[in-house]
Amino acid sequence: MLDRRFVVENPDLVEQNCQRRGARADVRRFVQLEADRKSKQFEVDELNRRANEVSKSIGKAKDPAEREARKNEGRALREQTAAAQAELDAVVAEADAILRTMPNLSHPDAPVGADDQSNLELRRGSAEPPKFDFKPLDHVELAERLQLIDFEAGAKVTGHGFYFLKNEAVLLELALQRYALDLLVREGFTPTITPDLARNEILQGTGYIPRGPETQIYSIAETDLSLVATAEITLGGLYAGEILDAAALPIKLCGISHCYRTEAGAGGRASRGLYRVHQFTKVEMFAYTLPEASEDMLNYFCDLECQLFDGLGIAYRVVDTATGDLGGPAYRKFDLEAWMPGRGEAGEYGEVTSTSNCTDYQARRLGIRFRTGEKGTAFVHTLNGTAIAISRALITLLENYQQPDGSVAVPEALRAWVGKERIAAPGQ
RNA sequence: GGACGGGUGGCCGAGUGGUCUAAGGCGGCGGUCUUGAAAACCGCUGUACGGGAAACCGUACCGGGGGUUCGAAUCCCUCCCCGUCCGCCA
């Protein structure tokens with residue numbers, strides 16, 4: 001969330017930012033509520049002070065009648081205090097509710113626009129989209145012919161949007177994990193496998209909304225737990241409430257988790273096959289940095305994502321995400337869109353990774369700070385980035401590496417882990 | 001899952017209803033002494049919000065939430081976490 005004082009001091013700027021990002025937040029109301037909060041807090045403090053004085057005088061009083069009189073006085077004061085406190089709580093609750101709807105500020109260079117139509121292409125990868133002298137199949141068809149993914153079984157056992165990976169698809173999943181991890185460990189990331197569930201307060205701290213009609217999150221009945229949508233949630237929660245040693249920053253972590261998404265409201269649009277599923281595995285990068293270091297870290301994350309897809313020989317483009325498409329916590333976001341020959345009429349780019357600089361937006365909510373000199377603390381910056389989202393990476397591999405005979409070549413970079421050069425249909 | 005014991009400042013740890021404005025120690029900062037350092041000694045040393053030019057003052061915070069009371073770190077309820085033992089289990 002934003003710094004409440006910053007909002008009060010810069011209402012016009014915040015309002016403009018909300019508008020650019022398509023967020024409806026009543027900034028004026030918030031400013032008014034903050035003023036109310038201040039005066040109400042003063043009132044509560046004053047009542048508490050008087051009540052405390054009375055309580056102390058009772059401890060010293062000897063005369064029983066005097067004590068009784070003072071007790072009554074104290075009781076009356078405490079009742080007034082409770083009433084004022086209730087009013088204060090109501091003001092705070094309303095102000096907080098508005099504050100939570102305010103997205104992070106936006107990087108001045110982020111393209112302004114309502115949706116992904118305004119995304120700005122920054123660069124392309126080293127590989128070219130493949131040229132086929134046959135009609136390429138999409139990954140659903142390929143996976144069926146090669147017996148790699150069983151969507152029908154997933155639907156029967158669990159529901160639409162679930163699937164069984166089988167045979168070489170399993171080897172590809174594990175190979176992709178190892179491939180990503182190899183690079184990240186070389187780059188000094190601490191590898192982790194995180195819980196797949198997290199407390200709702202951690203979800204909220206990272207900017208996810210655990211319950212409600214529009215939630216993308218599966219929650220566990222009769223608990224305060226939810227299935228995570230990404231290891232960003234668990235890695236962000238890792239240091240919640242802690243004060244980090246500035247000398248230890250940046251902290252670079254990568255986490256493997258399963259990711260669960262309800263995809264509420266996504267029905268019908270481009271939801272064929274693996275592109276939009278309710279469960280997938282992801283290797284996620286995460287960093288805690290000093291404020292002045294987060295911009296470089298974002299570029300670094302983006303470079304690593306490019307390295308991974310260049311290494312796989314997949315064509316992609318990098319886009320600077322438009323303000324209206326940023327999501328709440330991101331200050332700036334770069335997406336990698338990889339070439340998917342089976343998507344659309346004659347192939348399309350589809351999002352495969354995403355990296356965001358969330359500045360102090362998550363850290364403020366999660367209470368993650370570092371020491372600044374002798375006294376004082378400041379909030380760290382947090383960043384996240386996809387190393388490999390397995391399901392979408394599988395789409396790109398199957399569709400880009402398909403051969404005229406219906407088999408799929410295994411990219412050089414993965415062969416050691418897959419253990420073969422080519423995935424062929426059974427009996428072929 | 002059950003029983004018992006715990007959760008207190010950056011860290012360790014005392015504290016069973018009012019002088020807690022949280023003892024004591026460690027660490028940190030400043031000073032005295034010293035050629036310098038160490039040791040010793042003296043002083044300072046939590047966070048947030050509000051008031052004030054400042055010194056300083058007020059309020060809240062002892063795992064989270066709720067309750068009892070004029071008054072709660074302390075008593076009660078509840079949840080979370082840690083430890084020990086038991087049960088179950090890949």
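Below, chain A is the first sequence line, B the second, and so on; all start at residue 1.
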B/G10 and B/G63, which share atom name P, separated by this distance in whole Å: 13 Å
What is the distance, rounded to the nearest whole Å, between atom [atom1] of [X] and atom [atom2] of [N]?
| X | N | atom1 | atom2 | answer |
| --- | --- | --- | --- | --- |
| A/F370 | B/G10 | CZ | C1' | 17 Å |
| A/E79 | B/G67 | CD | C1' | 15 Å |
| A/R369 | B/G46 | CZ | C1' | 11 Å |
| A/Q85 | B/A60 | CD | P | 10 Å |
| A/D89 | B/A60 | CG | P | 14 Å |
| A/R75 | B/C70 | CZ | P | 4 Å |
| A/D36 | B/G50 | CG | C1' | 16 Å |
| A/D245 | B/G27 | CG | P | 18 Å |

Quick one: look up who [N] pairs with, Watson-Crick or G-U, both distances under 3.5 Å, and put none if it's unpaired.
| N | answer |
| --- | --- |
| B/U16 | none |
| B/U32 | B/A40 |
| B/A73 | none |
| B/A60 | B/U47 |
| B/A23 | none |
| B/G1 | B/C86 |

Options B/C70, B/U59, B/C49, nucleotide nearest the side-chain atoms of A/S55: B/C70
Think A/R67 has a side-chain N or O under 4.0 angstrom from the OP1 or OP2 of B/G71? no
Residue-phosphate contact under 4.0 Å: A/R5 side-chain N/O, B/C49 OP1/OP2: yes
Could you go step by step and tell me if A/R145 and A/E141 meet the salt bridge (charged side-chain N to carboxylate O under 4.0 Å, His left out) rule? CA-CA 6 Å; A/R145 293 185 184 197; A/E141 193 119 359; 3.3 Å; yes
side-chain contact (heavy atoms from CB on, under 4.5 Å) assessment of A/Y300 paired with A/T355: CA-CA 10 Å; A/Y300 171 67; A/T355 183; over 6 Å; no
What is the distance from atom CD of A/Q216 to atom CD of A/E263, rounded to the nearest 0.5 Å? 5.0 Å
Could you tell me whether A/R70 contacts a base, only the sugar-phosphate backbone, or nothing, with contacts defined as non-hydrogen atoms closer than 4.0 Å? nothing
Any side-chain donor near an acceptor of the partner, A/E305 and A/T353, under 3.5 Å: yes
Taking all non-hydrogen atoms of both residues, which atom of A/L176 and which atom of A/I390 are closest, and how far apart? CB-CD1, 3.7 Å
